[in-house]
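Heads up: the structure comes next, in structure tokens.
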There are 4 protein chains.
Amino acid sequence: MNKPEMITAESSDVDGGHLRAFIERIERLEEEKRTIADDIKEVYAEAKGNGFDVKIMRKIVSIRRMDREKRIEEETILDLYLQALGEI
Amino acid sequence: MNKPEMITAESSDVDGGHLRAFIERIERLEEEKRTIADDIKEVYAEAKGNGFDVKIMRKIVSIRRMDREKRIEEETILDLYLQALGEI
Amino acid sequence: MNKPEMITAESSDVDGGHLRAFIERIERLEEEKRTIADDIKEVYAEAKGNGFDVKIMRKIVSIRRMDREKRIEEETILDLYLQALGEI
Amino acid sequence: MNKPEMITAESSDVDGGHLRAFIERIERLEEEKRTIADDIKEVYAEAKGNGFDVKIMRKIVSIRRMDREKRIEEETILDLYLQALGEI
DNA sequence: TCAGATAAAATCGCGC
DNA sequence: GCGCGATTTTATCTGA
């Protein structure tokens, strides 16, 4: 009895194993994220090696992202209007 | 004659097709990155749902990351010392 | 009447004098900061002139800074743990 | 004899005391720099508390800095021209 | 003087 | 909505 997972103190029942599992899942995901970020940097570097201007490319990517977000925003508002009309 | 890729202005030969390919690779990678960021958020949410304190979890992740970085820094400085010794 | 500070347009009451004072305080502080950055550079240069390896020195400074930050992080998480315990 | 500062190995005569002094001077200066950076942040925060838009303030500071640099640049070029003329 | 590395500033996004 | 932390962008610096 009194195995680690059966601690009965009023307060500090922290399931270390479970916590550890969450932490490790997060760390694996962050590692993946970092890898992809590195891949992105590599693509920019490759583009630079091909004579493209990285700063300008970043601007283009940023503008296109804003455009996409704007479009989604507008579609969302449109949907809201359509819903509102349907409810009349 | 004079197909797009044959423009001969001295300066502004921007290979649009090539650029577009780079941009699209980057955008795909950024989409993947965003997905992973969302996954991380989900894991934190799940952990919270299991009674864990997200703020503390973030600190743990942060401290463990610092540990890793510090270890790498120390290996780097060891290399620098060894190089410095080798150069004498 | 109608002294500058009494402009009554509904929206654009920008207190220019006040803003200017803030801006100038910031600029003075940035000037000081730049001076100190220059001092640091001078110390590195002097050390180099005395035969020390600047790259290694920077690494040492960086590692010592990480040590300090890690210590602070650990104190912070200890506080978080104590708070969490107190809240039960 | 053979006091620390008289080590005679061909290679690793590192004057630790001297190095330490340089490191500590740098660390003191970096601490001062950090303090000033914090002061700047505080000024921005105070301005924000007085209803100013921090983002815009940063833009103003940045533009004024560029203006100053531009002016210095232009004066430098002017000096170069004047020197050149003087040499004719 | 330039590229590549390093550090700083600005911006973004989350959790409270 | 605000502070805080992470990320990204910009600037600085060093070594070739």
Side-chain angles (χ1 to χ4, degrees), chain A residues 26 29-30 33-34 36-38 40-42 44-45 48-49 53-63 65-66 69, chain B residues 26 29-30 33-34 36-38 40-45 47-49 52-63 65-66 69 72-73 76-77 79-80 83-84 87, chain C residues 26 29-30 33-34 36-38 40-45 47-48 52-63 65-66 69 72-73 76-77 80 83-84 87, chain D residues 26 29-30 33-34 36-38 40-42 44-46 48-49 51 53-63 65-66 69:
Chain A
I26 288 163
L29 287 166
E30 294 207 331
K33 190 150 75 86
R34 222 179 51 77
I36 292 175
D38 288 346
I40 292 171
K41 257 181 253 166
E42 272 179 50
Y44 277 117
K48 182 178 188 173
D53 183 313
V54 170
K55 201 169 168 183
I56 290 175
M57 285 181 68
R58 285 186 188 280
K59 237 351 173 218
I60 292 171
V61 170
S62 150
I63 287 171
R65 178 167 44 227
M66 287 176 71
E69 282 163 10
Chain B
I26 288 164
L29 287 167
E30 294 208 330
K33 189 149 78 84
R34 226 177 51 77
I36 291 176
D38 288 345
I40 292 171
K41 245 181 286 173
E42 274 179 49
V43 177
Y44 276 117
K48 186 177 189 171
F52 292 105
D53 183 314
V54 171
K55 201 168 170 185
I56 289 178
M57 285 181 68
R58 284 186 188 278
K59 258 291 179 269
I60 291 171
V61 170
S62 151
I63 288 175
R65 181 168 39 225
M66 287 180 83
E69 281 167 7
I72 290 168
E73 286 280 275
T76 306
I77 203 175
D79 286 347
L80 287 175
Q83 271 178 251
E87 279 163 8
Chain C
I26 288 164
L29 288 167
E30 294 209 330
K33 191 149 74 83
R34 197 151 354 96
I36 292 176
D38 288 345
I40 291 172
K41 244 179 289 173
E42 274 179 48
V43 178
Y44 276 117
K48 185 175 188 172
F52 293 105
D53 182 316
V54 171
K55 202 167 170 185
I56 288 177
M57 286 181 67
R58 284 186 186 278
K59 259 297 179 262
I60 292 171
V61 170
S62 153
I63 287 174
R65 181 169 41 225
M66 286 180 85
E69 281 166 8
I72 290 167
E73 287 280 275
T76 305
I77 203 174
L80 287 175
Q83 271 179 250
E87 279 163 8
Chain D
I26 289 165
L29 288 167
E30 294 206 331
K33 190 149 75 86
R34 223 180 52 78
I36 292 176
D38 288 346
I40 292 172
K41 259 181 251 166
E42 273 180 49
Y44 277 118
E46 193 187 336
K48 182 178 188 172
D53 183 314
V54 171
K55 199 170 167 180
I56 291 175
M57 286 182 66
R58 284 186 188 279
K59 238 343 172 226
I60 292 171
V61 170
S62 150
I63 288 171
R65 179 169 42 226
M66 286 174 72
E69 281 164 10

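Each chain gets a letter, A, B and so on, in the order the sequences are listed, and its residues count up from 1. Both backbone and side-chain heavy atoms feed into the values below; hydrogens, waters and symmetry mates do not.
C/Glu73 meets the salt bridge (Lys or Arg N to Asp or Glu O under 4.0 Å) test with B/Lys59; sequence neighbours excluded. The salt bridge (Lys or Arg N to Asp or Glu O under 4.0 Å) search around D/Lys41 returns D/Asp38, not counting sequence neighbours. Take A/Glu30 and apply the side chain to side chain donor-acceptor pair (under 3.5 Å) test, not counting sequence neighbours, and it matches B/Arg65. Considering only residues two or more places apart in sequence or on other chains, A/Lys33 meets the salt bridge (Lys or Arg N to Asp or Glu O under 4.0 Å) condition with none of them. Checked against salt bridge (Lys or Arg N to Asp or Glu O under 4.0 Å), D/Glu42 has no partners two or more places apart in sequence or in another chain. Take B/Arg34 and apply the side chain to side chain donor-acceptor pair (under 3.5 Å) test, not counting sequence neighbours, and it matches no residue. Legend: residues meeting ring-ring contact (aromatic ring centres under 6.0 Å, His included) with B/Tyr44, ordered by chain and number and at least two apart, are absent.
Between C/Arg65 and D/Arg65, it is C/Arg65 whose nearest contact on DNA chain E lies nearer the 5' terminus. Comparing D/Lys59 and B/Asp38 along DNA chain E, the residue whose closest nucleotide (by nearest heavy atom) sits nearer the 5' end is D/Lys59. DNA chain F is contacted by both B/Ser62 and C/Ala37; B/Ser62 maps to the nucleotide lying nearer its 5′ end (nearest heavy atom per residue).
The outermost nucleotides of DNA chain E lying under 4.0 Å from heavy atoms of chain C, listed 5' to 3', are E/dA8 to E/dA9.
Here F/dT7 presents its C1' atom at 17 Å from CG of A/Leu29, a figure rounded to the nearest Å. What separates NZ of A/Lys33 from C1' of F/dG5 is a distance of 12 Å, to the nearest Å. Atom CD of D/Glu69 and atom C1' of F/dA11 are 10 Å apart (whole Å). To the nearest angstrom, C1' of F/dT9 lies 13 Å from CD of B/Glu30.
When atom types are taken as modelled, the side chain of C/Thr76 and the backbone of C/Ile72 share a donor-acceptor pair closer than 3.5 angstrom.
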Check nucleotides 14-16 of chain F for protein N or O atoms closer than 3.5 Å to its own N or O atoms and list the pairs.
| unit_1 | atom_1 | unit_2 | atom_2 | d |
| --- | --- | --- | --- | --- |
| F/dT14 | OP1 | C/Arg58 | NH2 | 2.9 |

